[in-house]
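Chain identifiers are assigned alphabetically (A, B, ...) following the order of the sequence lines, protein sequences preceding nucleic acid strands; residue numbering begins at 1 within each chain. Side-chain atoms are counted along with the backbone in the values below, which use heavy atoms only and exclude waters and symmetry mates.
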There are 2 protein chains.
Amino acid sequence: MTKKNTTIYDISKKLNVSVATVSRALNNHPRISQETKALVMATAKEMNYKQNNLAKALKSGETKTVGVIVPYINTNFFSSVIRGLEEELSPHGYRVIICQSHDDADIEKKQLTTLLHTQVDCIFISISRNTSDMDYVKKIIATTNTPIIFFDRKKDIPGISTITIDDHRGAYVATEHLIQQGYKNIYHFSGDQNLEIYQNRLNGYINALKDYNLPVIKENIINTGSSIEEGINAMKTVCKRKLKPDAIFSASDFTALGVCKEIKNLKLKIPQDIGVIGFSNEPFTQFMELSISSVDQTPVLMGKISGNVFLESIKDNSSGISIEKKLVLAPTLYIRESSKRK
Amino acid sequence: MTKKNTTIYDISKKLNVSVATVSRALNNHPRISQETKALVMATAKEMNYKQNNLAKALKSGETKTVGVIVPYINTNFFSSVIRGLEEELSPHGYRVIICQSHDDADIEKKQLTTLLHTQVDCIFISISRNTSDMDYVKKIIATTNTPIIFFDRKKDIPGISTITIDDHRGAYVATEHLIQQGYKNIYHFSGDQNLEIYQNRLNGYINALKDYNLPVIKENIINTGSSIEEGINAMKTVCKRKLKPDAIFSASDFTALGVCKEIKNLKLKIPQDIGVIGFSNEPFTQFMELSISSVDQTPVLMGKISGNVFLESIKDNSSGISIEKKLVLAPTLYIRESSKRK
DNA sequence: TTGTAGGCGTTATCAC
DNA sequence: GTGATAACGCCTACAA
């Protein structure tokens, strides 16, 4: 019952030519007569021939397949990056394998090994929260030819290209905007400080305050995660203080949403009493009746650029050595109702 | 500068045994002595041996890779299905390749061909809006061994398993809920009727009205797409009529969101004046200050079940013939503020 | 312009 | 329990 695929041998037999001729005709080799080429093409189609990429890959060492590892695929940010990646690479004949690390370094490592086994031509990773030991990544760089590219959540490692957004700048302009709207006591709800992106957002916040001669107060920096609940809880806590915040810059849209919910719960007004701005430009931020200001990370573009870095590296690689690139994209501030007081 | 991977030949040379022995040892073959097995294993590790899946796949005909084609990956529904798929298949050693059809039948067909070339072990598809000609799919079924599985957006084709939710039931309970809340003049904003899912939602709406002895009025069924704008525009149109709707059942959450925005714009009250319920349970529906009722499609579960159908088919396939399955999942109604009048 | 033959790394079928 | 060898489907020197 098993249906066998037709191979170039089948075609060569039928046409009484050698497999080499068939292969060459199929690959549009220059030194082959037009008629044989046409004939081979025709019979290939007729016999429903499909090239076996496996065999080709085994021979050439190139699978025309890349892998991407993200914490979870069903988030707006990561699925958008992957969309961009697929759209950049697909026209060049590359397939994209997706893996999820579940934000766990061990699983991430396992997925990485699997992708290596699969002989992918490149691996794109946005590292998990608890990834710290990069030794095995360095080992891969040292012992294999498989390039690794980090996007968004990165670590700096020699030989690895990275594509990120300027989180520092995004946080800076967000904070600056709040300052310009007249907010004085701006709190920051930061994300996991094990990740560079959240470190940078914190620093952007701090530097904006400094540049505008506002005091940087340690107690005003609350280390939250990125959930709605944490936003609610953090807001509950800080509103009990004598010196309440009059604005919140959250490193996460979800936390910002929690903040908004709690403000409403406390019968305070946004943006009059308290201004709010988030980060990521999640779809819901603009859908809300009271829309939430946010910083867009241009994820689709990030995916496309990531793919492009890989494609370029192949071109350049004629020299055998490819130089790592460190690309930083510009974030876009979206000012909405939650922070527009003037 | 190119680093070569170590092969079983390298190991066999170093150990002065045959490649067959090495292969067997590595695969834990029963008839091989414990010492050689241990020895091979040790040197394999020492030499940093990595099995070449390509060669294995070429030999066995199994790539341990599946493909999935969706319109766009960066939507909550599709990325969630893919999440489920990956989580079901990954533990069994399968990789997942993702492709986007951009809701276009031609691109979809091309992606399908590419996946076939890649020799994937199974292809999961949620078809595009304008897919109608299924001849090439039937041809693939007839001429290849690659199973195709439809999820959510399907067509009925012999030999193809499908995993869907009971859209009819989802629409029925949504409409029923509106009726029970006392709404009398319930409109339906339907989706693209080329897709079965939207046909079923329409029919569920109709049958609920019938069962409750409410008139089914043709003019109350508006054929919209699935965007916010279309929701706004459709709402503008119908509110100019003499017999205005007092509730909207929308086949899409985005259209429902547009409806809500326009109702607010018209200074009407939700749910007092007009009740609203959507479909898909998009994250934003529960985040809104005025949360929107919706029907959940359990996308992650749908992905897991889809993967499981494939895995089961492999097991069963010892007989050589695999029977198609038609699985229908139960949707869940989430009643929120936009429709709770009593 | 076309044909022959070897090899990519594994596994499986024979032998011994 | 182990070894030699063919085969998976393709590409590509090298010959002719």
- Residues in residues 29-40 of chain B with a heavy atom under 4.0 Å of DNA chain D, by number, are Arg31(B), Ile32(B), Ser33(B), Thr36(B)

- Determine the sole option in Leu329(A), Val81(A), Ile305(A) for which the side chain to side chain contact (heavy atoms under 4.5 Å, CB included) test with Thr298(A) is passed. Leu329(A)

- With under 30° as parallel and over 60° as perpendicular, where do the rings of Phe78(B) and Phe151(B) fit, or are they tilted in between? perpendicular

- Task: Hey, can you tell me if Phe310(A) and Phe124(A) have their rings parallel, tilted or perpendicular (30° and 60° cut-offs)?
- Result: perpendicular

- Item | salt bridge (Lys or Arg N to Asp or Glu O under 4.0 Å) against Lys109(B), all qualifying residues, sequence neighbours excluded | none

- Message: Among residues at least two apart in sequence or on other chains, which ones pass salt bridge (Lys or Arg N to Asp or Glu O under 4.0 Å) with Asp103(B)?
- Response: Arg129(B), Arg153(B)

Under 3.5 Å, N/O pairs linking protein and nucleotides 6-9 of chain D:
residue : atom : partner  : partner atom : Å
dG9(D)  : N2   : Ala55(A) : O            : 3.3

- Item | Pairs flagged by side-chain hydrogen bond (donor to acceptor under 3.5 Å, both in side chains) wherever residues 55-65 of chain A is involved - sequence neighbours left out | Thr63(A)-Asp121(A)

- Note on the structure: When rounded to whole Å, the CZ to C1' distance for the pair Arg24(B) and dG3(D) reads 7 Å

- Query: What integer distance in Å separates Asn28(A):CG from dC10(D):C1'?
  - Reply: 17 Å

- Would you say Thr21(B) reaches dT2(D)'s phosphate, i.e. side-chain N/O to OP1/OP2 under 4.0 Å? no

- Item | From CG (Leu195(A)) to CG (Asn130(A)), nearest 0.5 Å | 9.0 Å

- How long is the span from the CG atom in Leu58(A) to the CG atom in Leu58(B), to the nearest 0.5 Å? 6.0 Å

- Using a heavy-atom cut-off of 4.0 Å to chain B, what are the terminal contacting nucleotides of DNA chain C, in 5' to 3' order? dG9(C) to dT13(C)

- Does Lys315(B) pair with Glu312(B) as a salt bridge, N-O distance under 4.0 Å? yes

- May I ask you to say what Asn27(A) touches in the nucleic acid, namely base, sugar-phosphate or nothing, with a heavy-atom cut-off under 4.0 Å? sugar-phosphate

- Task: Assess whether atom NZ of Lys326(B) is packed by more than 12 heavy atoms of other residues, nucleotides or ligands within 6.0 Å.
- Result: yes

